[in-house]
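Structure, as structure tokens:
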Amino acid sequence: MTGLFSEQSIQLEFYKSDGTFEGTVGAINRGDVDLLLGTCLYGVRLAETGVTPVIVAQSNQQTRHVLAQRANCPCDLQWSDLRDKVIVVYPGHAPTAWAAFTYALAKSGLSLGNVKLIFGYTAEDAISEFVRGVGDVLFIDGDTALRDDLRIALPVSRKAGRLPWSVYMADRQNLERKRELVERFTTALDRSQKWLQGETAATIARTVAPFFPHSSPQRLLAVVELHQSLDLWAASSALQLDQVKRWSQALELGGLIAPGKQLGDYLDVL
């Protein structure tokens with residue numbers, strides 16, 4: 001794409017997981033892949049299978065999820081305004097977005113007991129019913145919220161703060177065998193992240209367009225602009241330990257790791 005990985009003599013090959021924990025973790029356990037990109041929860045599950053997972057680099061530092069309003073809603077929503085509001089929940093594929101939301105609520109002095117939630121709609125119905133008038137706010141991923149009939153009101157990341165949202169992980173034994181290769185990978189990744197930080201949304205959208213043939217140039221530009229506004233991409237491949245601490249707190253609050261546990265109890269850092 002930008003030649004930065006080729007400069008490190010790295011030819012990337014991508015393995016598409018079926019999206020399940022077993023399928024994704026199994027790819028590392030079977031040796032099908034050298035690196036696993038995804039939530040730290042995959043690392044927790046790896047540790048439970050007897051593997052020693054190591055975080056070698058960070059990718060994204062934010063959730064894309066937002067609270068959206070109807071496009072014609074005139075009010076300027078604040079987090080404190082969510083008390084007693086009815087929130088329609090758009091269905092997702094991972095529990096981490098919900099953990100980030102509950103953490104953001106807690107930082108606002110609220111809890112799930114202070115809001116009313118509507119679960120159960122299909123993805124299509126959640127939006128149509130909300131636009132029709134059901135609920136006060138829609139919890140949804142930002143990319144999907146880029147519609148004429150919705151308006152992004154509160155990005156979850158603005159309240160939750162930066163989090164190690166997606167990281168690259170490796171099995172410790174495999175890492176030791178291929179440490180030099182992994183170090184070249186992290187160098188290329190770091191340079192790619194700095195490229196993202198320095199380029200305009202239009203340049204980034206044009207560069208990635210070949211990988212998204214079904215998206216229009218206008219759609220790609222809108223998504224890139226959203227990601228930039230959310231500060232989605234990490235500025236460096238190096239993991240930020242203060243973010244790990246906050247994410248541990250959020251995952252514990254959300255019930256995704258055991259009480260009193262930290263991510264460091266399951267994962268090492270390169």
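- Side-chain polar atoms of Thr144 and Asp141 form a donor-acceptor pair below 3.5 angstrom.
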Test side-chain hydrogen bond (donor to acceptor under 3.5 Å, both in side chains) on Gln58 and Gln243 and set out the steps. CA-CA 11 Å; Gln58 182 167 335; Gln243 295 184 26; 3.0 Å; yes
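- A 4.5 Å side-chain heavy-atom check between Gln61 and Pro164 finds every atom pair outside the cut-off.
- In this structure the side chain of Val89 never reaches within 4.5 angstrom of the side chain of Phe130, judged on heavy atoms.
- By the 30° and 60° cut-offs, the orientation of the rings of Trp247 relative to Trp165 is tilted.
- Relative ring orientation between Phe185 and Tyr168 is described as perpendicular, the plane-to-plane angle rising above 60° on a 0-90° scale split at 30° and 60°.
- Counting heavy atoms from C-beta on, the side chains of Arg70 and Asp149 never come closer than 4.5 Å.
- The shortest distance between side-chain heavy atoms of Lys178 and Asp34 falls below 4.5 Å.
- The heavy-atom pair separating Cys75 from Gln69 by the smallest distance is SG-NE2, 3.1 Å.
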Walk me through it: do Asp84 and Lys116 pass the test salt bridge (Lys or Arg N to Asp or Glu O under 4.0 Å)? CA-CA 6 Å; Asp84 297 326; Lys116 301 173 184 178; 5.8 Å; no
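- Within the 4.5 Å cutoff, side-chain heavy atoms of Ile204 are placed close to those of Trp233.
- Cation-pi geometry between Arg246 and Tyr103 is not met: the NZ or CZ atom fails to fall both under 6.0 Å from the ring centre and inside 45° of the normal.
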Thr187 and Arg191: side-chain contact (heavy atoms from CB on, under 4.5 Å), yes or no, with the steps? CA-CA 6 Å; Thr187 296; Arg191 291 176 180 172; 3.8 Å; yes
Determine whether Val88 and Phe119 satisfy the following criterion, side-chain contact (heavy atoms from CB on, under 4.5 Å), listing intermediate values before the conclusion. CA-CA 7 Å; Val88 177; Phe119 289 96; over 6 Å; no
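- Residue Leu239 holds its CG atom at 9.5 Å from CG of Leu263, rounded to the nearest 0.5 Å.
- Using a 4.5 Å heavy-atom threshold, the side chains of Cys40 and Ile55 count as touching.
- Counting only heavy atoms from C-beta outward, the side chains of Val66 and Leu154 never approach each other to under 4.5 Å.
- Considering every non-hydrogen atom in both Leu253 and Ala106, the closest pair reads CD2-CB, 3.8 Å.
- Not less than 6.0 angstrom separates the ring centroid of His65 from the ring centroid of Phe101.
- Leu41 and Pro95 get closest at one heavy-atom pair: CD1-CG, 4.3 Å.
- If you take CG on Leu189 and CG on Leu12, they are separated by 9.5 Å, rounding to the nearest 0.5 Å.
- Looking at Lys159, its side chain never comes within 3.5 Å of a backbone N or O of Pro155 through a donor-acceptor pair.
- The closest donor-acceptor contact from the side chain of Arg184 to the backbone of Gln8 lies under 3.5 Å.
- A heavy-atom distance below 4.5 Å is found between the side chains of Leu146 and Leu226.
- Taking CG from Leu150 and SG from Cys73, the interatomic distance works out to 11.5 Å, rounded to the nearest 0.5 Å.
- Expressed to the nearest 0.5 Å, how far CD1 of Ile28 lies from CG of Leu35 amounts to 7.0 Å.
- At distances below 3.5 Å, not a single donor-acceptor pair connects side-chain atoms of Asn174 with backbone N or O atoms of Asp171.
- Residue pairs meeting the salt bridge (charged side-chain N to carboxylate O under 4.0 Å, His left out) criterion with at least one member in residues 47-65, sequence neighbours excluded, are Arg45-Glu48, Arg64-Asp143.
- Looking only at distances, no side-chain donor or acceptor of Thr39 sits under 3.5 Å from a matching main-chain atom of Tyr42.
- Rounded to the nearest 0.5 angstrom, Ser9 OG and Gln11 CD are separated by 10.5 Å.
- Sorted by first and then second residue, the salt bridge (charged side-chain N to carboxylate O under 4.0 Å, His left out) pairs involving residues 224-236 (not counting sequence neighbours) are Arg162-Asp231.
- In this structure, Leu221 stands alone, with no Ile, Leu, Val, Met, Phe, Trp or Tyr side-chain heavy atom under 4.5 Å from its own, directly or through other members.
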What's the verdict on side-chain contact (heavy atoms from CB on, under 4.5 Å) for Val137 and Val86, showing C-alpha distance, side-chain angles and the deciding distance? CA-CA 6 Å; Val137 186; Val86 178; over 6 Å; no
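- Taking the ring-ring contact (aromatic ring centres under 6.0 Å, His included) definition, one finds that Trp79 meets it with nothing, sequence neighbours left out.
- Cluster annotation: Val115 and Ile118 are assigned to distinct hydrophobic clusters (Ile/Leu/Val/Met/Phe/Trp/Tyr, side-chain heavy-atom contacts under 4.5 Å, transitive).
- Proximity of a side-chain donor or acceptor of Glu129 to a complementary backbone N or O of Ile127 within less than 3.5 Å is not detected.
- Judged by distance alone, with hydrogens and angles left aside, the side-chain atoms of Thr203 form no donor-acceptor pair with the main-chain N or O of Glu199 at under 3.5 Å.
- For Pro91 against Ala126, the heavy-atom pair with the smallest separation is CD-CB, 4.2 Å.
- When atom types are taken as modelled, the side chain of Ser236 and the backbone of Ala238 share a donor-acceptor pair closer than 3.5 angstrom.
- Of all heavy-atom pairs spanning Ala170 and Val56, the tightest one is CB-CG1, 4.2 Å.
- Partners of Asn29 by side chain to side chain contact (heavy atoms under 4.5 Å, CB included), not counting sequence neighbours, listed by chain and number: Val25, Leu46, Thr49, Val51.
- Here the closest non-hydrogen pair linking Phe5 and Ala188 is CD2-CB, 3.4 Å.
- Residue-environment remark: CD (Gln173) stays at or below the threshold of 12 foreign heavy atoms within 6.0 Å.
- Put simply, OG on Ser166 and CG on Leu232 are 7.5 Å apart, with the number rounded to the nearest 0.5 Å.
- At least one donor-acceptor pair closer than 3.5 Å links the side chain of Gln193 to the backbone N or O of Ser237.
- Identified under the salt bridge (charged side-chain N to carboxylate O under 4.0 Å, His left out) test for residues 255-270, with sequence neighbours left out: Arg172-Asp268.
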Given the rule in the side-chain contact (heavy atoms from CB on, under 4.5 Å) test, do Val224 and Thr200 qualify, once you have shown the distances and angles that lead to the verdict? CA-CA 9 Å; Val224 172; Thr200 65; over 6 Å; no
